[in-house]
Amino acid sequence: MAEFKDEAKLIDNDVMKIVFKNNDCTQLLLNTILDRTDLTVKNVTTEEDISNYNYHGVKLDIFATDTTGSVYNIEIQKDSRGAAPERARYHLSSIDTHSLKKGEPFTNLPTTYVIFITQHDHWHKGLPIYSIDRKITQLDNQPFGDRAHIIYVNGEYNGNDNLGKLMQDFQCSTPNNMHSELLASHMRELKGGGKPMGAALDLIRARAEARGEIKGRYAGKAEGKTEANLETATNLKRMKIMDDEAIAKATSLPLEQVKAIAV
């Protein structure tokens with residue numbers, strides 16, 4: 001447990017979801033990425049489910065709103081496959097379809113940002129940030145003006161500016177070495193194991209075990225569980241045709257491990 005706790009970083013998806021439940025932390029994150037100082041976060045939720053009956057739903061890592069009504073979806077992506085342009089497009093559309101009540105004009109849609117923080121440089125051009133906005137090709141690339149924005153943040157960027165320092169903090173496992181005292185204080189609390197942060201870290205560890213990322217409490221026989229069993233359990237949970245107990249029996253996985261699988 002100590003080794004896992006020592007290695008935990010903000011770039012770890014589940015760690016990020018705990019720390020950035022805090023409005024001030026998310027406000028710091030957004031102001032830094034957008035190069036602003038005036039953005040005030042009003043509300044933050046993590047693992048926000050957007051259901052879509054008979055179609056692919058999405059679970060947003062961080063969903064935030066500011067005092068102007070703008071909305072922000074922030075995703076951590078360690079695997080480049082999870083940052084495909086089509087995923088950004090789908091997240092934008094899913095947020096839009098749940099932002100407008102019947103009878104409201106389309107102009108009432110909020111300004112929306114989908115932000116991917118990728119562990120590596122997704123576009124391989126060495127830039128700290130990549131901003132995607134729609135343009136009108138035949139009008140000299142005049143902005144389309146739909147107020148929908150996609151941003152990719154290069155997690156490898158380590159410049160000496162605010163964004164570079166923030167990305168260094170994301171990759172840092174030692175709170176005392178972090179630039180932001182606000183983020184460092186939350187990481188200290190998380191790593192210190194106090195309540196409720198200690199319980200949150202236990203959940204993070206259980207999820208890592210479920211994904212096969214670390215050796216967990218299920219040593220011995222359970223340690224020999226194959227990746228195929230985990231993949232099968234994940235697929236069964238996603239299909240929603242069996243409950244966790246039935247999946248555990250079908251795959252010979254511990255029930256707690258099945259419950260920890262996030263889909």
Side-chain angles (χ1 to χ4, degrees), residues 9-48 50 58-78 82-83 87-96 98-99 109-119 121-123 127-134 143 145-172 175 178-187 189-190:
K9 305 173 185 177
L10 283 173
I11 197 67
D12 299 327
N13 190 281
D14 292 320
V15 174
M16 181 202 71
K17 291 175 187 175
I18 299 299
V19 173
F20 288 101
K21 282 183 178 180
N22 178 274
N23 283 18
D24 290 337
C25 290
T26 298
Q27 185 169 296
L28 169 67
L29 177 66
L30 291 173
N31 272 313
T32 303
I33 291 173
L34 299 177
D35 194 21
R36 292 174 57 177
T37 57
D38 61 333
L39 189 156
T40 303
V41 168
K42 181 180 179 181
N43 185 57
V44 180
T45 58
T46 59
E47 297 187 300
E48 177 82 7
I50 299 182
V58 295
K59 180 175 285 188
L60 310 179
D61 286 350
I62 298 175
F63 183 77
T65 59
D66 69 14
T67 52
T68 70
S70 297
V71 301
Y72 306 85
N73 167 216
I74 306 163
E75 300 286 319
I76 286 286
Q77 292 299 330
K78 285 187 157 184
R87 181 172 185 178
R89 168 186 168 184
Y90 199 77
H91 277 223
L92 273 176
S93 63
S94 297
I95 293 170
D96 279 350
H98 288 74
S99 298
L109 279 170
T111 298
T112 304
Y113 294 83
V114 170
I115 300 170
F116 284 163
I117 301 174
T118 59
Q119 184 170 20
D121 185 357
H122 182 76
W123 299 103
L127 299 177
I129 201 164
Y130 304 88
S131 301
I132 299 95
D133 295 289
R134 291 186 177 96
D146 60 350
R147 295 181 290 109
H149 310 281
I150 297 171
I151 295 174
Y152 283 72
V153 182
N154 176 7
E156 290 182 318
Y157 178 64
N158 62 356
N160 199 36
D161 57 0
N162 289 335
L163 183 61
K165 292 176 181 178
L166 177 66
M167 289 303 100
Q168 291 171 43
D169 284 354
F170 263 74
Q171 304 280 5
C172 182
M178 296 174 73
H179 296 281
S180 169
E181 180 52 38
L182 174 64
L183 298 180
S185 66
H186 283 270
M187 287 297 285
E189 185 179 356
L190 180 64

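A quick note: this is a predicted structure, and the numbers were derived from the prediction, not measured. Excluded from the calculations below are hydrogen atoms, water molecules and symmetry mates; all remaining heavy atoms, backbone and side chain alike, are included.
- Panel note: side chain Asp169, backbone Ser180; a donor-acceptor pair is recorded below 3.5 Å.
- From His98, atom NE2 reaches atom CD of Glu48 across 9.5 Å, with rounding to the nearest 0.5 Å.
- Here Thr118 contributes atom OG1 and Lys78 contributes atom NZ; the two are 12.5 Å apart, rounded to the nearest 0.5 Å.
- With a 4.5 Å cut-off on side-chain heavy atoms, Glu75 and Arg87 count as touching.
- Between Ile117 and Ile33, some side-chain heavy-atom pair lies under the 4.5 Å cut-off.
- Between Met178 and Leu10 the shortest side-chain heavy-atom distance falls below 4.5 Å.
- Side-chain contact between Phe63 and Val71 is present, with at least one heavy-atom pair separated by less than 4.5 Å.
- Taken to the nearest 0.5 Å, the CG atom of Leu183 stands 6.5 Å off from the CG atom of Leu166.
- No more than 12 heavy atoms of other residues, nucleotides or ligands shown are found within 6.0 angstrom of NZ on Lys21.
- For the side chain to side chain donor-acceptor pair (under 3.5 Å) with Asp61, the lone residue among Asn73, Thr46, Asn13 that qualifies is Asn13.
- Ile151 CD1 to Leu30 CG: the interatomic distance, rounded to the nearest 0.5 Å, is 9.0 Å.
- Here the two rings, on Phe170 and Phe20, have centers that are under 6.0 Å apart.
- The closest side-chain heavy-atom distance from Ile11 to Ile76 is below 4.5 Å.
- For Gln168 (side chain) and Gly159 (main-chain N/O), a donor-acceptor pair under 3.5 Å exists by modelled atom type.
- In this structure, Ser99 contributes its side chain and Ile95 its backbone to a donor-acceptor pair below 3.5 Å.
- The shortest non-hydrogen separation linking Gln27 to Val41 is OE1-N, 2.9 Å.
- Between Tyr152 and Phe116, the two ring planes are perpendicular [angle over 60°; tilted spans 30° to 60°].
- Summarising the local packing, CG of Asp35 is surrounded by 12 or fewer heavy atoms from other residues, nucleotides or ligands at distances under 6.0 Å.
- Summarising the geometry, atom NZ belonging to Lys42 is positioned 15.5 Å from atom OG1 belonging to Thr26; distances are rounded to the nearest 0.5 Å.
- Minimum heavy-atom separation, Glu156 to Asn154: N-OD1, 2.9 Å.
- Take His91 and apply the ring-ring contact (aromatic ring centres under 6.0 Å, His included) test, not counting sequence neighbours, and it matches no residue.
- Residue Asn22 holds its CG atom at 11.5 Å from CG of Leu29, rounded to the nearest 0.5 Å.
- Residues Tyr72 and Leu39 form a side-chain contact, since some pair of their non-hydrogen atoms from C-beta on lies under 4.5 Å apart.
- In this structure, the side chains of Asn162 and Asn31 stay at 4.5 Å or more apart for every pair of heavy atoms.
- For the side chain to side chain donor-acceptor pair (under 3.5 Å) test with Arg147, the passing option among Thr111, Asp133, Thr112 is Thr111; the others fail.
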